[in-house]
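So the structure is just underneath, and the comments pick up after that.
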2 protein chains.
Amino acid sequence: MQINTVLKALSHPIRRDIITRLKLGPLTAGKLAAEYDVSKPTMSTHFAALKEADLIYSKREGVTITYYANLTVIEEALGSLMELMGAGNETTHSHPSNREGFISKSEKSS
Amino acid sequence: MQINTVLKALSHPIRRDIITRLKLGPLTAGKLAAEYDVSKPTMSTHFAALKEADLIYSKREGVTITYYANLTVIEEALGSLMELMGAGNETTHSHPSNREGFISKSEKSS
DNA sequence: ACAGTATTTAGCCATTTAACTAATTAGAGT
DNA sequence: ACTCTAATTAGTTAAATGGCTAAATACTGT
């Protein structure tokens, strides 16, 4: 599992939505494509990105291709994200967002 | 918290590493920049991406700028990722269902 | 005011990404 | 074999990303 590939795959709203839908159950490429306002070829490249990240897999059934959420890899990826971002060593510094000297984004162009 | 901005911010290895380091404690832009084999201006744009996602914040101390992990937002983002990818509604996928009209086509890329 | 240090902004270039249309592949039915 | 449908691949284009060097900004100390 390549964390970089997974995060790049997740960094597009359509691809995140595909994951959400497929977690509810498998869908064919055609049905999935029909849900979004982009062309089928574009959807095909989104499928490929998710497949590359191993977040989904596909099965051909006759003339149609059905996509499935790869739940084990999704769980694995979530674990890695929790390790990256989650709890641990958070006691060494406070969070003085309102302290004097804090540079906020809105304050930037003054 | 914009999930798309957060995920884009996390989709670069240097930026993920910055988060990891800052979670251990604050560091100045200079010290942080010295850790990676890219120029300081390049590091500055990485800081800006993380700041834009609100994953870090900065404080000027005289001539140096110190960066801090924004732990509350990091936790929040992790929560959203868990909601997106995590447990819940993980069907057996025993029979592909015909789900029509879940989310409208108008839900498209940002 | 001037010089020095830390950091960001500006401007530029190469690479990648996301979209499109057109063409191709794969299987089913006639 | 031919045709229809489903989906992908090929090829193109525009925009975004990530890197660089050089210049500008912001403060400190003299």
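Chain letters run A, B, ... following the sequence lines, proteins first and then strands; every chain starts at 1. Please read all numbers here as calculations on a predicted model, not as lab measurements.
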* Determine yes or no for a side-chain-to-main-chain donor-acceptor pair under 3.5 angstrom, with T20(A) supplying the side chain and R16(A) the backbone. => yes
* To do: Check A53(B) against V73(B) and note the closest heavy-atom contact, atom names and distance.
  => O-CG1, 4.1 Å
* To do: Say whether, by atom type as modelled, one donor and one acceptor occur between the side chain of R15(B) and the main chain of L10(B) under 3.5 angstrom.
  => no
* Given dA6(C), dA7(D), dT8(D), the nucleotide with the shortest approach to the side chain of T64(B) -> dA6(C)
* Would you indicate, yes or no, if dT8(D) has its OP1 or OP2 atom less than 4.0 angstrom from a side-chain nitrogen or oxygen of S44(A)? => yes
* Measure the distance from NE2 on H46(B) to P on dT17(D) and round it to the nearest whole Å. => 12 Å
* To do: Measure from CD1 on I56(B) to P on dT7(C) and round the result to the nearest Å.
  => 13 Å
* To the nearest Å, give me how far apart CD (E52(B)) and P (dT9(C)) are. => 12 Å
* Could you tell me the separation between the CG atom of N4(B) and the P atom of dT17(D), rounded to a whole number of Å? => 10 Å
* Rounded to the nearest Å, what distance is computed from the CG atom of residue L32(A) to the P atom of nucleotide dA6(D)? -> 15 Å
* Picking from dT8(D), dA10(C), dT17(D), which would you name as closest to the side chain of I65(A)? -> dT8(D)
* For the side chain of S39(B), starting at C-beta, report the closest nucleotide among dT21(D), dT8(C), dC20(C). => dT21(D)
* Asked: To the side chain of T42(B), which of dA7(D), dA22(C), dC20(D) is closest?
  -> dC20(D)
* Ignoring backbone atoms, test whether R15(B) places a side-chain nitrogen or oxygen under 4.0 Å from the OP1 or OP2 oxygen of dG18(D). => yes
* To do: For K31(B) and for P41(A), find the nucleotide of DNA chain C with the closest heavy atom, then tell me which residue's nucleotide is more 5'.
  => K31(B)
* Whether N70(B) side chain and Y57(B) backbone form a donor-acceptor pair below 3.5 Å -> no
* **Basic-acidic side-chain contact under 4.0 Å: K8(B), E52(B)** => no
* To do: From the options dG27(C), dT9(D), dG18(D), select the nucleotide whose nearest atom is closest to the side chain of H12(B).
  => dG18(D)
* **Separation of atom CZ in R60(B) from atom P in dT25(D), rounded to whole Å** => 13 Å
* Structure fact -> DNA chain D nearest-nucleotide lookup for V63(A) and M43(A): closer to the 5′ end is V63(A)
* Under-4.0 Å side-chain N/O to phosphate OP1/OP2 contact, Y67(B) with dA6(C) -> no
* Structure fact -> When rounded to whole Å, the CD1 to C1' distance for the pair I14(A) and dT17(C) reads 13 Å
* How long is the line joining CG of D37(A) and P of dA19(C), in whole Å? -> 11 Å
* T45(A) near the nucleic acid: base, sugar-phosphate alone, or nothing, with a heavy-atom cut-off under 4.0 Å? -> nothing
